[in-house]
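One structure below.
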Amino acid sequence: MTDIIYPTLDLFLYDLRNSLNDEQKQIDEQKQIDDNYKNFKSRIAEKITEDNFQEDKYFEIEYYELLKNEFLKNKKNEFESKRDNYPLKGYYFPVRIWDTYCLLLDCSIENQDKDKPHEAQPAECLKFLKAEIEDKSNLKNKPPTIGQTWMISGWLPELKDDTTRDPNYTKTKYIKDIAKSCYAALMKNADWEKDFQGEGEFLGATIFEFWRYELSLKEKNETPLTPDKIPNNQHVIIVLFPDEDKYNRLKDFYKDWLRLFCYRNKILFAYAQSRVIKRDIHHEINKIKSNQISEKQNQSYRGELAELDRKLTPAEESLKQYKSKLIKLDYQSGTIEINLINYEKRRKKIEKESESKLEFLQKFADTANDKYLLQTTKDSQMLERGWRLQEATINAIRSRVELDRAKRDRNFQNVVGIVGVGLASASVVGSLEKLGETENDPVRLCIQKHVPVPDYWLDPAVPLVYGIITFFVTALLTWLLINVWPSLVKCIRNVDR
């Protein structure tokens, strides 16, 4: 009772083309883009050679198919294989949407015969489809940098009348049981009650959404935070059609689903990065606090400018890192906002053109708006205020340090000036001719009276004493002029007023 006809599994995978991480600053931007392009191409089968790819030379482009048209027309992007006696067939479809590399990898059980009706397959066959896709995309060895979405599709065998069946077993219950079996076959840790998000109607099919996203961030972790580092992160869509004709219309909307899931995964990726940035900002705040000097400590550090500088320099560097990460947090907030807008527009477009009911997809948009965007925006605002407070505190202490340094420099210059004036005056006086040569010179008489020295010492000693006296007198007058005169002038001006 849980079989499905023509079971098909699609992987919508998204890789980053450009990066704004700190770790990439020293790497040439074009080299980084080229490396990301090569890594993305390595997901695709070897038979798709370099000559089959379009040159990715655009700085910005809304939508760009990376395989050449003639290659797609000749269906050379298709592949065939076999697993556990299941014949498999699929194809690759890589595109670029703005700054994101996107890959649609489709794989189905190809056991139909033109002369016979399609055979229903057990839901367990989805395990083989998933294994094939994981090998083809190198998914296990190279997880997507942005995210991924799985889509299961097919049509249902007719629910025949069965007298042994519970009369209350309705077609709705039948479809839900098949969806449960498909989800359990695809995901080892499937939990219908916990992961089920809603259901709707799409092209006459019943469509289900399963989503699990529980972000837990360690104190120290890799940056950026890739989806494979989030254990509980998966997104699955199941589309069960009533017949083959309605199923065949699904392919007309693959490009729309590719874009919708791109916007969805970019929102989650940006939110995860915002949590990493917030954590890193808190680390910078702790660094600032460990190197920051309070006003009370600043008083005790007087006379130790070198120690103050040693404390302030790393704090100022952490403040710069704080600001840089704050800008990146704003960038993630903007990324969430623009992709949320695009997500809602694309959902409405799919709903309108398919004449379907996809209201359940709005649940993610509401979560993104009420939780991811709101939390990122509020974090940015609060951390911005915190940055301004830290900046004001550090600038105040830096101003005190510079003022103290300037005061000390000015005092030193004043001392030099006073000594310079004194020495110059003493030198001029000491060089005067016939200074102290008369017998009645007071300095000569004073020396003769109080210092018993030979007469031949008096001739050089008297000018020296005059010079010393002149030095102290002119130094004192200069000190008064520097320190007292400005205050005196200020007082006189105040009296005049």
Side-chain angles (χ1 to χ4, degrees), residues 7-17 19 35-48 53 66 77-96 100-110 123-153 182-191 195 210-218 221-238 257-258 261-262 264-266 268-269 272-273 276:
T8 302
L9 183 62
D10 293 289
L11 172 65
F12 297 84
L13 182 147
Y14 304 95
D15 277 327
L16 199 64
R17 180 180 186 267
S19 175
D35 289 344
N36 290 343
Y37 187 45
K38 290 176 183 177
N39 289 334
F40 179 71
K41 287 193 296 183
S42 69
R43 295 187 182 279
I44 303 175
E46 294 180 359
K47 71 174 187 176
I48 303 180
F53 278 92
L66 295 171
N77 60 324
E78 296 182 355
F79 62 86
E80 293 183 0
S81 62
K82 199 170 188 178
R83 281 182 182 267
D84 197 43
N85 295 323
Y86 281 106
L88 307 178
K89 186 175 182 179
Y91 64 87
Y92 301 87
F93 186 67
V95 301
R96 179 186 158 193
T100 305
Y101 289 128
C102 316
L103 175 63
L104 167 60
L105 208 164
D106 176 281
C107 191
S108 57
I109 303 290
E110 199 72 18
E124 290 295 313
C125 71
L126 290 167
K127 294 180 179 178
F128 304 109
L129 293 173
K130 184 180 181 182
E132 183 70 15
I133 288 177
E134 287 177 339
D135 287 348
K136 293 293 183 183
S137 63
N138 197 20
L139 187 61
K140 288 186 176 180
N141 297 326
K142 193 178 294 183
T145 53
I146 294 180
Q148 66 189 37
T149 294
W150 295 96
M151 177 183 280
I152 300 170
S153 60
C182 290
Y183 184 56
L186 185 69
M187 296 297 174
K188 294 180 180 179
N189 57 346
D191 186 334
D195 303 339
F210 302 88
W211 172 36
R212 179 183 298 178
Y213 187 81
E214 298 174 4
L215 178 62
S216 56
L217 186 63
K218 296 180 180 179
N221 205 343
E222 292 186 42
T223 304
L225 182 64
T226 52
D228 61 298
K229 301 295 190 303
I230 305 173
N232 294 321
N233 177 27
Q234 60 191 39
H235 184 225
V236 179
I237 299 291
I238 299 178
W257 288 115
L258 190 66
F261 298 146
C262 176
R264 184 188 191 281
N265 280 284
K266 287 185 72 175
L268 292 175
F269 177 77
Q273 301 318 302
V276 173

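For this chain, numbers begin at 1 and follow the sequence in order. When reading the values below, keep in mind they use all heavy atoms of this one structure, side chains included, and skip hydrogens, waters and symmetry mates.
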Minimum side-chain heavy-atom gap [X]-[Y] below 4.5 Å:
| X | Y | value |
| --- | --- | --- |
| Leu103 | Phe93 | no |
| Leu88 | Glu110 | no |
| His235 | Phe261 | yes |
| Arg264 | Trp211 | yes |
| Cys262 | Phe12 | no |
| Glu132 | Lys82 | no |
| Ser42 | Lys142 | yes |

Out of curiosity, [X] [atom1] to [Y] [atom2], how far, rounded to the nearest 0.5 Å?
| X | Y | atom1 | atom2 | result |
| --- | --- | --- | --- | --- |
| Asp84 | Phe128 | CG | CZ | 4.0 Å |
| Asp10 | Trp150 | CG | CH2 | 9.5 Å |
| Leu105 | Ile133 | CG | CD1 | 5.5 Å |
| Lys266 | Thr100 | NZ | OG1 | 3.5 Å |
| Met151 | Asp106 | CE | CG | 10.5 Å |
| Gln148 | Asp228 | CD | CG | 9.5 Å |

Looking only at side chains, do Asn39 and Asn36 share a donor and an acceptor under 3.5 Å apart?
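No.
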Would you say Ser108 and Lys89 are linked by a side-chain donor-acceptor pair, where the criterion is simply a distance under 3.5 Å?
no
Where do [X] and [Y] come nearest, in terms of heavy atoms and distance?
| X | Y | value |
| --- | --- | --- |
| Ala272 | Leu215 | CA-CD2, 4.1 Å |
| Leu129 | Pro7 | CD1-O, 3.7 Å |
| Pro227 | Asn233 | CB-ND2, 3.5 Å |
| Leu225 | Lys229 | CD1-CB, 3.5 Å |
| Ala123 | Cys182 | CB-N, 3.9 Å |
| Lys127 | Ala185 | CG-O, 3.2 Å |

Option among Asn265, Thr145, Leu139 that satisfies the side chain to side chain contact (heavy atoms under 4.5 Å, CB included) test with Leu13
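So, applying the side chain to side chain contact (heavy atoms under 4.5 Å, CB included) to Leu13 and each of Asn265, Thr145, Leu139, only Leu139 qualifies.
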Show your working on side-chain contact (heavy atoms from CB on, under 4.5 Å) between Asn189 and Gln234 and close with a plain yes or no.
CA-CA 10 Å; Asn189 57 346; Gln234 60 191 39; 3.4 Å; yes
Step-by-step side-chain contact (heavy atoms from CB on, under 4.5 Å) determination, Arg43 to Asp15:
CA-CA 11 Å; Arg43 295 187 182 279; Asp15 277 327; 2.6 Å; yes
Residue from Tyr14, Phe53, Phe40 passing ring pair (Phe, Tyr, Trp, His ring centres under 6.0 Å) with Tyr101:
Phe40
Is it true that a side-chain atom of Glu80 and a backbone atom of Gly90 form a donor plus acceptor pair closer than 3.5 Å?
no
Run Ile152 and Thr8 through side-chain contact (heavy atoms from CB on, under 4.5 Å) and show every step you take.
CA-CA 6 Å; Ile152 300 170; Thr8 302; over 6 Å; no
Could you give me the CA-CA distance, side-chain angles and deciding distance for Asp191 and Arg212, then say whether side-chain contact (heavy atoms from CB on, under 4.5 Å) is met?
CA-CA 9 Å; Asp191 186 334; Arg212 179 183 298 178; 3.6 Å; yes
Report the relative orientation of the aromatic rings in Tyr183 and Phe210; use parallel for angles under 30°, tilted for 30 to 60°, perpendicular for over 60°.
parallel
Please step through salt bridge (Lys or Arg N to Asp or Glu O under 4.0 Å) for the pair Arg83 and Asp135, ending with a clear verdict.
CA-CA 12 Å; Arg83 281 182 182 267; Asp135 287 348; 2.3 Å; yes
